[in-house]
Amino acid sequence: MEEDHLNHTCAFLLIGGSAGSLEVLFKLLPLLRADLPFPIALVLHRRSSADSSLSELLASKTLNPTQEVEDKEPITSGTIYLAPADYHLLIEHDHTFSLDYSEKINFSRPSIDVTFESAAEVYGPRLVGILLSGANEDGTRGLTAVKRAGGIAAVQNPDTAQMPFMPHYALTHLPVDYVFDTIQMAAFINSLA
Amino acid sequence: MIEEEDIDLLLNDLFDLYGYDFTRYSRASLKRRIIRLCSLDKFPSFAELRYRVRSDPSYLKRFVEEVTVNVTEMFRDPGFYKSLREDVLPVLGTKPFIRIWHAGCSTGEEVYSMAILLKEANLLRRSLLYATDLNPSVLEKVRKGIFPLALMKQYSESYMNAGGTRDFSSYYTAQYGQAKFDNELSEKIIISTHNLVSDSSFNEFDLILCRNVLIYFDKELQDRVLKLFDASLGTLGHLALGTKETLKFSAVQNKFKQLNREKIWKKII
Ligand SMILES: C[S@@+](CC[C@H](N)C(=O)[O-])C[C@H]1O[C@@H](n2cnc3c(N)ncnc32)[C@H](O)[C@@H]1O
């Protein structure tokens with residue numbers, strides 16, 4: 001299986017996280033290479049009233065351009081996108097983002113499932129999805145869609161997660177390809193092309 | 001699994017049979033809504049949904065209601081309303097008569113919030129608020145001006161964060177778990193169905209608000225609608241969009257200047 005993945009090209013990397021995931025990202029982002037050949041989207045649960053400073057905070061941890069998504073924004077390689085608070089983040093076939101203010105899913109907006117499922121339709125086998133720490137079921141359906149479309153599914157090692165529920169739930173519901181601590185995760189992402 | 005071609009067929013039916021054109025809606029979101037409706041109404045397959053839409057004109061109402069997204073609240077994004085209050089109303093105040101268009105107003109929470117701002121600026125008496133939406137069911141709620149009482153605490157907080165200083169509960173009467181907003185506000189609201197895809201400009205406005213509607217349209221339809229707004233704005237009129245919407249990628253961007261960090265633009269040519 002691993003051999004296969006080495007030949008995999010990654011066109012889009014999704015990272016979903018909830019409670020306890022920011023700490024992981026603060027450690028992970030500085031470890032990523034500066035010229036990523038694919039875009040990354042971060043779908044994080046946060047308070048709806050959250051200010052926009054999170055994207056600035058994340059931007060300060062990486063040399064890759066980092067920004068909160070605006071509607072119909074074209075998706076460009078090397079950029080790290082953050083799903084805005086209180087909107088679902090969707091991917092269109094023309095490789096632009098759409099936002100959606102519909103009902104919460106898994107008590108969450110943005111919902112990780114929504115973005116992962118939508119990206120799976122567009123990127124299929126060239127998609128990589130990673131789930132981080134969280135206390136919620138969100139992400140497991142999405143990661144299943146990623147797998148089903150031929151993409152790669154990975155989770156943070158629940159033993160290293162502040163809130164193990166989310167990665168653990170995924171592990172018990174689908175054949176996850178990789179289980180990582182932060183250092184391994186960075187190495188894996190840097191090896192993707 | 002629903003294929004793109006299936007969606008295309010359904011959208012063609014809707015247009016041919018009923019004149020509703022959803023073909024230029026953001027596909028990713030529209031598809032999710034259609035799948036959701038299929039499961040809500042327990043259609044065993046997509047073909048059954050399509051058959052129902054084709055053969056039962058009364059089902060159209062339900063389709064439109066469920067496929068569009070009507071979620072809204074009062075004083076949503078308080079910083080935006082604060083800027084309306086501080087930066088836009090003083091300009092509107094120099095006009096003898098003020099016309100405001102809420103395009104895609106849903107159940108009207110945004111319209112009543114605006115009416116409250118106008119009242120506090122002593123402008124309500126010379127204002128008219130045009131509230132339009134393609135979905136007739138939500139407009140019925142705008143007309144009534146009745147919203148769940150349980151939400152008033154949250155709305156009152158947003159109102160204060162938007163610079164409100166009065167007692168928010170003075171704007172409504174509580175009855176049976178509902179808050180009925182004052183007639184003084186609803187009197188100034190003119191309600192009409194209007195489809196941004198197919199209907200044209202119907203007046204000239206000083207301020208147009210179209211928030212969280214364009215996100216459901218693709219780029220081409222967004223551009224068309226933005227041109228419609230441009231043509232419906234008087235000189236130095238203002239256009240307000242949702243917090244994550246932008247004129248940045250649009251055809252009319254050079255005709256507008258953004259006021260500040262909020263999504264409010266002034267028409268400059
Ligand atoms: C999410 S609500 C936005 C409500 C409010 N403006 C806000 O920001 O809270 C979107 C509204 O757009 C309306 N809408 C969708 N397509 C439309 C169209 N073609 N013409 C007019 N209204 C439309 C829907 O019926 C819905 O009420």
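Throughout, protein chains are lettered first and strands after them, A, B, ... in sequence-line order, and every chain is numbered starting at 1. Just so you know, these numbers use all the heavy atoms, side chains as well, and skip hydrogens, waters and symmetry mates. In this text the structure is predicted, and so the values were computed from the model without any measurement.
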Chemist: Hey, which of A:Val114, A:Ile91, A:Asp94 has the most heavy atom pairs under 4.5 Å with chain B?
Modeler: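 Maximum pair count with chain B is reached by A:Val114.
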Chemist: So, the side chain of A:Tyr101 versus the backbone of B:Thr72: is there a donor-acceptor pair under 3.5 Å, distance only?
Modeler: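 Checking the backbone N and O of B:Thr72 against the side chain of A:Tyr101, no donor-acceptor pair under 3.5 Å is found.
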Chemist: Applying salt bridge (Lys or Arg N to Asp or Glu O under 4.0 Å), run through A:Glu117 and B:Arg32 and close with a yes or a no.
Modeler: CA-CA 10 Å; A:Glu117 285 177 344; B:Arg32 271 193 70 232; 5.5 Å; no
Chemist: Count the heavy atoms of every other residue, nucleotide or ligand shown that sit under 6.0 Å from NZ of B:Lys141, and state whether that count exceeds 12.
Modeler: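 Atom NZ in B:Lys141 is not crowded, with 12 or fewer foreign heavy atoms closer than 6.0 Å.
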Chemist: Given a strict heavy-atom distance threshold of 4.5 Å, which part of A:Ser98 is in contact with chain B: side chain, backbone, both, or neither?
Modeler: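 Contact with chain B involves the side chain of A:Ser98 alone.
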Chemist: I'd like to know whether NZ of B:Lys61 has more than 12 heavy-atom contacts from other residues, nucleotides or ligands below 6.0 angstrom.
Modeler: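 No, the 6.0 Å shell around NZ holds no more than 12 heavy atoms from other groups.
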Chemist: Scan B:Lys219, B:Lys244, B:Gln222 and name whichever one has a side-chain hydrogen bond (donor to acceptor under 3.5 Å, both in side chains) with A:Asp71.
Modeler: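 By the side-chain hydrogen bond (donor to acceptor under 3.5 Å, both in side chains) criterion, A:Asp71 pairs with just one of B:Lys219, B:Lys244, B:Gln222: B:Gln222.
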Chemist: Would you call A:Tyr87 and B:Ile215 a side-chain contact if the rule is heavy atoms closer than 4.5 Å?
Modeler: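 The answer is yes; the side chains approach within 4.5 Å.
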Chemist: State whether the number of non-hydrogen atoms from other residues, nucleotides or ligands found under 6.0 Å of B:His194 atom NE2 is greater than 12.
Modeler: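 Above 12, so yes.
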Chemist: Can you establish whether the number of heavy atoms outside B:Lys267 located under 6.0 Å from its atom NZ is more than 12?
Modeler: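 Counting other residues, nucleotides and ligands, NZ of B:Lys267 exceeds 12 neighbours.
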Chemist: Does atom CG of A:Leu63 have more than 12 heavy-atom neighbours from other groups under 6.0 Å away?
Modeler: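 Counting neighbours around CG of A:Leu63, 12 or fewer heavy atoms of other residues, nucleotides or ligands fall under 6.0 Å, so no.
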Chemist: What do the steps show when you test A:Lys72 against B:Ser250 for side-chain hydrogen bond (donor to acceptor under 3.5 Å, both in side chains), and what is the final call?
Modeler: CA-CA 10 Å; A:Lys72 298 298 167 313; B:Ser250 84; over 6 Å; no
Chemist: Is it the backbone or the side chain of A:Val69 that comes under 4.5 Å from a heavy atom of chain B, or both, or neither?
Modeler: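 Contact with chain B: backbone only.
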Chemist: Evaluate whether atom CZ of A:Arg33 has more than 12 neighbouring non-hydrogen atoms of other residues, nucleotides or ligands under 6.0 angstrom away.
Modeler: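 Above 12, so yes.
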Chemist: Can any side-chain N or O of A:Glu92 pair as donor or acceptor with the backbone N or O of B:Ala28 at less than 3.5 Å?
Modeler: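 Yes; judged by distance alone, with no hydrogens or angles, the pair exists.
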Chemist: For atom NZ of A:Lys27, decide whether the heavy atoms of other residues, nucleotides or ligands shown that lie under 6.0 angstrom number more than 12.
Modeler: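 Not more than 12 within 6.0 Å, no.
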Chemist: Hey, what do you get for CZ (B:Arg27) to CG (A:Leu90), rounding to the nearest 0.5 Å?
Modeler: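 Spacing of CZ (B:Arg27) from CG (A:Leu90) equals 13.5 Å.
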Chemist: Please classify the contact of A:Ile105 with chain B as side chain, backbone, both or neither, using a heavy-atom distance under 4.5 Å.
Modeler: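 Contact with chain B is through the side chain of A:Ile105 alone.
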Chemist: Which atom pair, heavy atoms only, marks the closest approach of B:Tyr216 to A:Ser102?
Modeler: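 Taking B:Tyr216 first and A:Ser102 second, the nearest heavy atoms are OH-N, 3.9 Å.
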